[in-house]
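Taking it in order: structure first as structure tokens, then the write-up.
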Number of protein chains: 2
Amino acid sequence: MKATINDVAKQAGVSIKTVSRVINNEASVRQLTREKVQRAVDELNYQPNLSARNLAGAKSYSIAYIYDNPNAYYIIDMQKGILSACKQQGFELLIHPCDSKSQGITEEVVNMVKQARIAGLILTPPLSEMPEFVKTLVDLDVKVVRILSGDVAPDDLSPCVMVNDRDAAQTITQHLIDLGHKDIGFLAGDAVHMSTIERYKGYRRALKASNIEFNKSLVIEGSYSFDSGVSGAKELMSVQTANPRPTAIFSCNDEIAAGALFAARLMNISIPEQLSIVGFENSPFSRQTWPKLTTADQPNNQIAEDAAMLLISQIRKQKNPITISQYVPKLIVRDSTAQYEKL
Amino acid sequence: MKATINDVAKQAGVSIKTVSRVINNEASVRQLTREKVQRAVDELNYQPNLSARNLAGAKSYSIAYIYDNPNAYYIIDMQKGILSACKQQGFELLIHPCDSKSQGITEEVVNMVKQARIAGLILTPPLSEMPEFVKTLVDLDVKVVRILSGDVAPDDLSPCVMVNDRDAAQTITQHLIDLGHKDIGFLAGDAVHMSTIERYKGYRRALKASNIEFNKSLVIEGSYSFDSGVSGAKELMSVQTANPRPTAIFSCNDEIAAGALFAARLMNISIPEQLSIVGFENSPFSRQTWPKLTTADQPNNQIAEDAAMLLISQIRKQKNPITISQYVPKLIVRDSTAQYEKL
DNA sequence: TAAAAAAATGACAGCGCTGTCAATTACTAA
DNA sequence: TTAGTAATTGACAGCGCTGTCATTTTTTTA
């Protein structure tokens with residue numbers, strides 16, 4: 001039923017080693033031979049046995065995606081992107097959800113890497129933002145690619161795929177400014193996350209670029225949650241606290257924005273007429289609020305595939321130069337933002 | 001670094017075959033020997049190499065989770081549960097997102113099963129509800145476990161884990177009835193999904209059990225989406241359409257309920273004072289609406305682990321009797337339901 | 001107590017592939 | 001043309017484990 005390398009070799013009239021060479025794209029196989037083998041491979045619909053490869057070879061064909069992120073949509077997108085790269089490159093993907101805050105997380109992952117003979121790892125926040133953790137893994141002789149928030153890699157421990165939240169946040173803020181807003185509130189996510197910091201930087205930059213004076217009372221600390229959005233927006237919009245009262249709010253993600261939206265409704269503030277709100281992430285969330293959220297879209301699928309490709313190329317040839325690719329989330333204008341109308 | 005079966009054999013002073021017997025829990029190993037080997041295994045922290053096992057043995061130690069479900073939370077929960085069973089049983093999990101409506105879906109999965117030497121598959125709706133598809137796979141000599149909506153398996157093609165949406169829906173509806181509601185609207189999900197059908201049945205049963213006359217105009221067809229909830233609720237609550245106007249709404253899932261919530265706000269209907277709304281699923285969603293949704297909770301993690309265990313036991317011994325386990329989602333009362341107040 | 005039966009253990013091949021290194025072939029220059 | 005070099009190909013061992021079947025040990029029975 002299932003063709004082996006032996007069948008292919010017979011069919012092509014060469015040795016199995018030559019077939020092996022062809023399917024691994026090694027040099028020093030004559031063009032003619034290569035074609036002959038390729039034809040046999042196609043005819044028999046041969047696909048190499050991953051277990052055998054992993055067992056026989058020095059290299060491994062398994063990579064792992066390790067994550068600890070409460071955002072299910074993000075993870076599903078990542079998985080899909082990584083899987084697509086794996087399929088193209090004949091790699092296998094292991095997924096490993098974990099708790100980044102647990103005591104033995106490093107040991108747990110180290111064990112898993114050794115146990116499963118993992119050739120490479122993909123790390124997303126918050127794991128990718130834990131330097132000690134990353135360091136340990138890199139020292140382990142396993143390739144690592146991190147997905148991080150920012151424009152430049154924080155170190156050269158591993159190749160990174162950077163998501164430039166800063167520029168995106170600046171663009172979004174600029175969008176609010178272009179609509180005539182000057183008093184723009186900022187609802188922060190968890191302060192420990194780089195994404196929060198980067199988005200904050202972008203917000204500040206946009207203000208500066210337009211010579212709008214920064215007002216600290218418009219910045220509310222919080223976390224990446226709906227509740228945080230609710231309470232943050234309440235604080236911003238209650239006359240006694242914030243001064244001046246903002247006419248627009250930048251929320252660090254869509255969940256916070258959804259919370260802000262709700263707070264506004266509770267306070268009888270109509271969106272977007274009296275207050276513009278923007279989110280970040282373009283999660284399915286942002287299309288299920290009313291009004292629909294203006295937000296920033298990250299092509300997570302693409303980012304993940306890119307990261308996986310980077311990882312696999314690292315695994316393939318040792319001395320790959322450290323490459324970094326960068327994405328900038330794109331502004332998506334929907335219904336939660338409007339021109340500022342002086343009352 | 002990594003201990004092999006040979007190391008263990010040496011350490012325990014037995015042959016590798018005996019070690020193999022112990023780690024596979026085979027019979028005919030003396031208790032004494034078993035303990036000796038076990039000790040060596042523990043000391044060396046030995047874990048069998050999956051690739052080698054897959055390659056050498058007739059059996060395979062890989063199962064796959066194939067899914068096509070837009071609900072990311074659901075999938076993540078499933079994965080986690082399945083993974084936990086795999087870890088316990090020394091199995092490997094392959095994940096395979098796919099498009100159930102695509103032409104070649106069956107062929108795609110069949111290929112994957114053959115290619116990766118998959119021993120078993122876990123199927124969730126909508127894939128688990130496609131009889132032809134399931135039939136093809138079962139005929140393929142791969143074990144299958146389906147997760148389905150209902151109380152009894154629709155056939156004996158494979159063991160099933162049933163989620164009794166009907167009883168749960170009845171309980172939820174009863175909760176509304178207990179609160180004094182009589183005119184209870186029903187916002188359906190996609191009509192092709194068994195879950196919709198089952199939930200509808202539960203709703204009808206509860207009405208019947210309390211001798212409340214069923215009113216067809218209170219049932220609105222729709223789909224599992226926010227927008228469907230919005231338009232459905234609008235239709236129900238506009239005086240001219242529905243007669244009588246419902247005082248409570250049963251929504252087929254939380255997303256629909258969230259939509260209904262929004263529609264209510266648009267129409268200035270206060271929740272829960274003027275209208276009670278219930279959801280289904282207990283997705284993170286349901287805690288991020290205002291007010292928080294009364295809903296039904298499915299222990300997806302547990303369901304998934306159960307399904308995976310069932311699958312693995314199937315794989316282990318051929319002639320396992322077809323087992324079926326059943327879960328009934330539990331009512332979670334939050335803030336979107338209240339006593340019916342006659343005006 | 002010895003022979004027969006049953007239980008426990010081990011020797012060995014081989015799963016499908018890759019790495020090593022030797023053998024062959026093609027190509028170059030003299 | 002022919003030796004000399006480079007490019008191509010193949011033979012073979014072995015990755016870590018399981019299946020088969022032979023061997024040894026223990027238990028039972030006469």
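The structure displayed is predicted, hence computed values, not measured ones. In what follows, chains are A, B, ... by sequence order, proteins preceding strands, each numbered from 1.
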From the list B/L127, B/L137, B/I95, B/I122, side chain to side chain contact (heavy atoms under 4.5 Å, CB included) with B/I66 holds only for B/L127
Return the value, rounded to whole Å, for the distance between atom CD of A/Q31 and atom P of D/dT9.
11 Å
From CZ of A/R30 over to P of C/dA26, roughly how many Å is that when rounded to an integer?
6 Å
Aromatic plane relationship, A/F91 with A/Y61 - under 30° parallel, 30 to 60° tilted, over 60° perpendicular:
tilted
Could you tell me the separation between the OG atom of A/S313 and the CD atom of A/Q89, rounded to the nearest 0.5 Å?
8.5 Å
Between B/Y67 and B/Y74 (judged by ring centroids, cut-off 6.0 Å), do the two rings come close enough to count as a pair?
no
Output the single nucleotide from D/dT8, C/dG10, D/dG10 whose closest atom is nearest the side chain of A/V14.
D/dG10
Do A/S60 side-chain atoms and A/I118 backbone N/O form a donor-acceptor pair below 3.5 Å?
no
Please round to 10 degrees the angle between the axis of the first five pairs and the axis of the last five pairs in the helix from C/dT1-D/dA30 to C/dA30-D/dT1.
40°
One character per nucleotide, please: for nucleotides 13-22 of chain C, 5' to 3', B when the base has a protein heavy atom closer than 4.0 Å, S when only the sugar-phosphate does, - otherwise.
-BBBBBBBB-
Pairs meeting criterion side chain to side chain donor-acceptor pair (under 3.5 Å) with involvement of residues 103-112 of chain B, two or more places apart:
B/H96-B/E108
Distance in Å, B/N164 CG paired with B/Q326 CD, rounded so as to fall on 0.5 Å steps:
4.5 Å
Nucleotide C/dA26, atom C1' - distance to CG of A/L32 in whole Å:
13 Å
Is any side-chain N or O of A/S15 closer than 4.0 Å to OP1 or OP2 of D/dT9?
no
One thing to verify: whether B/D155 and B/R146 come together as a salt bridge, which I'm taking to mean a side-chain N less than 4.0 angstrom from a carboxylate O.
yes
